[in-house]
Number of protein chains: 4
Amino acid sequence: MTKTSMDITKRTSIGAQRNPASETAILDAAEEILRESGLGGFSIEAVARRAKAGKPTIYRWWPSKAALLLDVYHRQKGETFYADTGDTRKDLVAFLEALLGFWRTNGGEIFRSIIAAAQSDPEALIALRDYAVTRCRSSGVILARGQARGEVRGDFDPEPIMELLSGFCWNRLLTGRLEVSPGEIETIVDALMGGLSSTSR
Amino acid sequence: MTKTSMDITKRTSIGAQRNPASETAILDAAEEILRESGLGGFSIEAVARRAKAGKPTIYRWWPSKAALLLDVYHRQKGETFYADTGDTRKDLVAFLEALLGFWRTNGGEIFRSIIAAAQSDPEALIALRDYAVTRCRSSGVILARGQARGEVRGDFDPEPIMELLSGFCWNRLLTGRLEVSPGEIETIVDALMGGLSSTSR
Amino acid sequence: MTKTSMDITKRTSIGAQRNPASETAILDAAEEILRESGLGGFSIEAVARRAKAGKPTIYRWWPSKAALLLDVYHRQKGETFYADTGDTRKDLVAFLEALLGFWRTNGGEIFRSIIAAAQSDPEALIALRDYAVTRCRSSGVILARGQARGEVRGDFDPEPIMELLSGFCWNRLLTGRLEVSPGEIETIVDALMGGLSSTSR
Amino acid sequence: MTKTSMDITKRTSIGAQRNPASETAILDAAEEILRESGLGGFSIEAVARRAKAGKPTIYRWWPSKAALLLDVYHRQKGETFYADTGDTRKDLVAFLEALLGFWRTNGGEIFRSIIAAAQSDPEALIALRDYAVTRCRSSGVILARGQARGEVRGDFDPEPIMELLSGFCWNRLLTGRLEVSPGEIETIVDALMGGLSSTSR
DNA sequence: CTTTAAGCGAGACGGTACGTCATGTCTTACG
DNA sequence: CGTAAGACATGACGTACCGTCTCGCTTAAAG
């Protein structure tokens with residue numbers, strides 16, 4: 001059920017300002033190509049062809065392939081909420097399942113394309129880094145809430161822990177192993193919450 | 001002091017068999033290019049040019065860019081040993097520092113290129129997955145030893161935990177943040193060993 | 001000292017009529033670009049940029065690149081006078097030297113651009129043809145005066161002869177050999193006046 | 001009756017050497033495009049498309065559009081012979097009629113394209129100049145023969161005179177007036193041979 | 001002791017995509 | 001309605017690599 005904008009009307013300039021119809025068409029096209037052919041088939045030419053847009057129009061608004069990828073990703077990701085059940089363990093499990101689940105349905109193909117692009121494009125790398133850091137910081141709220149409740153030890157910076165968890169997900173995404181069983185997730189969260197040391201019991 | 005094979009002698013066929021001199025020259029060239037220009041400058045053409053090899057010679061032995069990258073990585077990685085100090089905490093810290101340290105010195109540039117290549121090459125993805133899984137399994141020995149010593153709880157499968165840790169490293173590698181302070185590493189290992197839950201103390 | 005109109009005042013519409021300031025600015029810009037970069041750098045975009053005019057303003061008044069070129073040429077050529085010393089030989093030499101001299105100083109760059117443009121623009125070709133024919137006809141006055149004086153044979157139509165001479169100049173212009181020595185000009189005029197045949201002496 | 005090579009066989013490399021089939025196909029395509037659409041439709045892309053050749057193949061062998069044009073011109077012009085009837089007047093008339101006649105049948109379209117291209121491409125200008133100079137020098141043989149026979153005055157350099165005549169032809173070509181009547185040609189040659197001066201009778 | 005068969009370097013081939021530029025048309029906002 | 005501004009779709013530019021090919025050679029193994 002693609003939401004492609006298949007209006008017959010010919011798109012053209014609407015004056016000295018960005019044409020939202022073109023922007024939409026380009027992002028739609030980019031998303032579709034990515035979904036259908038992956039990063040391999042993703043080229044500015046192909047996007048322009050499919051969107052019936054001129055290459056300069058794309059380059060005008062997106063300086064690099066990676067910039068376009070990021071826009072596609074952001075657009076289809078929408079807002080992110082972190083479950084707040086009052087139980088940190090459950091919240092962490094929900095976090096992991098939500099992330100892996102989203103990646104399993106289209107989002108993953110796009111995000112791994114972004115990561116790949118960032119490995120040969122310094123600007124994309126910076127964008128990706130900023131995104132990743134921000135993401136880990138904001139998801140840290142799950143642990144911060146636990147700390148506020150006294151449920152979680154207060155002598156930890158939540159951020160590196162969230163890096164641990166999202167790193168796990170990245171690893172799975174990038175090696176094509178997104179089908180993580182609920183059991184595995186529980187194992188990880190349990191280990192993290194309870195600690196590995198036998199003396200910590 | 002690079003070990004580049006700068007022999008003046010003109011390389012040619014040595015009969016109906018693979019010429020090791022060519023193989024070496026190609027892998028050397030590939031490694032150098034990767035080190036100097038990163039994945040962006042890495043192309044079969046460039047490798048052939050630098051190695052003074054014919055393109056078909058490369059294609060004959062390495063079916064894809066990713067296959068060549070993997071060979072380069074394996075060649076320069078050598079054997080991996082996991083410290084065994086009798087203290088799991090120290091062993092984990094050493095593991096993380098060794099991995100990040102190796103990536104900081106050349107290895108990282110190559111490995112992130114491999115990850116990127118794998119995102120658009122199914123065969124490379126399989127190779128990467130196999131490598132990653134094997135790696136996590138073998139590094140699990142650190143925890144297994146702890147379990148054998150009774151230092152670490154025995155009701156855990158070590159593998160997902162090592163995925164957690166290596167995932168953290170992947171994340172840092174792929175976002176260009178390999179400069180991890182010893183403090184951060186300690187924090188992570190401490191959290192993992194001690195557990196986050198305030199009741200686990 | 002170029003007479004470029006560098007007025008700071010912002011040019012804008014002066015109502016529902018052609019703005020002469022814009023016209024001047026555009027012609028100035030076109031002339032300067034042609035002088036500085038030749039036909040290669042001459043584009044409607046470049047002219048608009050330099051004249052600080054909108055592209056549609058140019059397209060409104062000059063239907064094609066060639067039309068603009070012709071306007072530039074006409075504007076800077078001014079009236080043409082043909083020397084009348086009473087000696088046809090001298091008048092012809094003066095004619096050739098004046099034409100080549102004018103082309104050597106800016107005019108040539110523009111005119112050869114016009115000729116080039118006319119080769120792929122039918123309208124420009126017609127304009128160029130009309131101009132060339134008119135020019136040869138009017139310069140024919142040099143020979144007509146000689147005929148009136150009895151100095152030149154009367155059984156010739158002056159026009160083809162002037163085509164011969166101006167054709168020589170075109171050839172030199174279009175092959176970048178405008179530096180014609182006075183001796184060469186004399187040779188040509190002498191040959192033409194005296195005839196090549198040894199029996200005509 | 002186009003001599004297009006319409007072989008179905010797929011053209012490919014024949015080793016580390018120029019493929020004559022490709023060269024022929026490219027020149028054929030270029031010539032056809034020029035004949036059909038003139039300089040306006042002549043682009044490297046269009047030639048490549050029509051010749052079913054890669055753009056780099058064209059750029060490999062012809063550094064510029066003008067180089068390709070010149071090759072096309074030379075190929076279809078073949079050898080040039082200058083009539084030798086023993087009568088200089090007749091030889092000159094034949095020379096003019098042959099040149100104008102050749103230009104009337106395809107050759108002209110190509111040559112005026114070359115002239116146009118040379119006006120914005122310095123390298124093409126040099127090539128054109130060399131060609132024009134060589135051509136005038138070699139056609140000077142017509143007058144030189146007359147001088148040897150004693151039919152033509154010996155105190156003239158033939159070259160500038162031939163420039164006069166070919167200049168006339170260029171003028172006609174570039175203004176689209178190749179339909180020169182035999183009478184006009186006779187007039188010009190007569191004037192040149194007999195001289196304009198009334199005292200030269 | 002020859003064939004023969006494969007590997008080698010070289011590099012040309014038809015392609016595709018790159019990122020930039022100019023084209024001529026369009027709409028805006030302003031005067 | 002004319003203007004400056006500039007976005008738009010289009011398409012050519014010249015370059016870099018892609019993966020395939022054929023060449024002319026070298027050399028070890030097979031006959």
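The figures here come from the full heavy-atom set of this structure, side chains too, leaving out hydrogens, waters and symmetry mates. Here is the naming used below: chain letters follow the sequence lines, and residue numbers restart at 1 for every chain.
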Could you go through nucleotides 18-21 of chain E and list every protein N or O atom that sits under 3.5 Å from one of its N or O atoms, giving the distance for each pair?
residue	atom	partner	partner atom	Å
E:dC18	OP1	A:Ile44	N	2.8
E:dC18	OP2	A:Ile44	N	3.1
E:dC18	OP2	A:Glu45	N	2.6
E:dG19	OP2	A:Tyr59	OH	2.3
E:dG19	O5'	A:Tyr59	OH	3.3
E:dG19	N7	A:Lys55	NZ	3.0
E:dG19	O6	A:Lys55	NZ	2.7

Under 3.5 Å, sequence neighbours excluded: what are the donor-acceptor pairs made by side chains of residues 120-128 of chain B?
residue	atom	partner	partner atom	Å
B:Asp121	OD1	B:Glu123	N	3.0
B:Asp121	OD1	B:Ala124	N	3.3
B:Asp121	OD2	B:Ser64	OG	3.3

Margin query: Determine whether a donor-acceptor pair (one donor, one acceptor, N or O, separation below 3.5 Å) exists between the side chain of B:Thr12 and the base of E:dG9.
Written below: no
Check: Which heavy atom in D:Ser113 sits nearest to a heavy atom in D:Leu69, and how many Å separate them?
Finding: O-CD1, 4.0 Å
Check: Which nucleotide, E:dC13, F:dA9, E:dC8, lies nearest any side-chain atom of B:Ser22?
Finding: E:dC8
Calculate the interatomic distance between [X] atom [atom1] and [N] atom [atom2]; express it in whole Å.
X	N	atom1	atom2	value
D:Glu23	E:dG14	CD	P	12 Å
D:Trp62	E:dA12	CH2	P	13 Å
D:Asn19	E:dG15	CG	P	13 Å
D:Asp121	F:dA12	CG	C1'	16 Å
C:Ile58	F:dG6	CD1	P	15 Å
C:Arg60	E:dT27	CZ	C1'	13 Å

Short side-chain N/O contact from [X] to OP1 or OP2 of [N], under 4.0 Å:
X	N	value
B:Thr57	E:dG9	yes
B:Arg49	E:dA10	no
B:Trp61	E:dA6	no

Notebook entry, point to check: Sequence neighbours excluded, which residues qualify as side-chain hydrogen bond (donor to acceptor under 3.5 Å, both in side chains) partners of B:Asn19?
Noted result: none
Check: Residues two or more places apart in sequence or in another chain: which of them pass side-chain hydrogen bond (donor to acceptor under 3.5 Å, both in side chains) with A:Lys55?
Finding: A:Glu45
Check: When you check the gap from the basic side-chain N to the acidic O, do B:Glu36 and B:Arg50 get nearer than 4.0 Å?
Finding: yes
Margin query: My understanding is that only residues two or more places apart in sequence, or in another chain, count here; which of them pass side chain to side chain contact (heavy atoms under 4.5 Å, CB included) with D:Ala116?
Written below: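 Testing D:Ala116 for side chain to side chain contact (heavy atoms under 4.5 Å, CB included), a comparison that skips the adjacent residues, returns C:Ala116, C:Gln119, D:Leu39.
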Check: How do A:Pro20 and B:Gly41 order along DNA chain F: which one's closest nucleotide is nearer the 5' end?
Finding: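 Whichever sits nearer the 5' end wins; that is A:Pro20.
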Item checked: ring pair (Phe, Tyr, Trp, His ring centres under 6.0 Å) partners for C:Phe42, two or more places apart ->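 For C:Phe42, no residue satisfies ring pair (Phe, Tyr, Trp, His ring centres under 6.0 Å) once neighbours in sequence are set aside.
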Check: Given that B:Lys52 and D:Lys52 both sit by DNA chain E, which one's nearest nucleotide is further toward the 5' end?
Finding: B:Lys52
Note to self: With nearest nucleotide decided by heavy atoms, which residue, D:Ala53 or B:Arg18, maps closer to the 5′ end of DNA chain E?
What the structure shows: B:Arg18
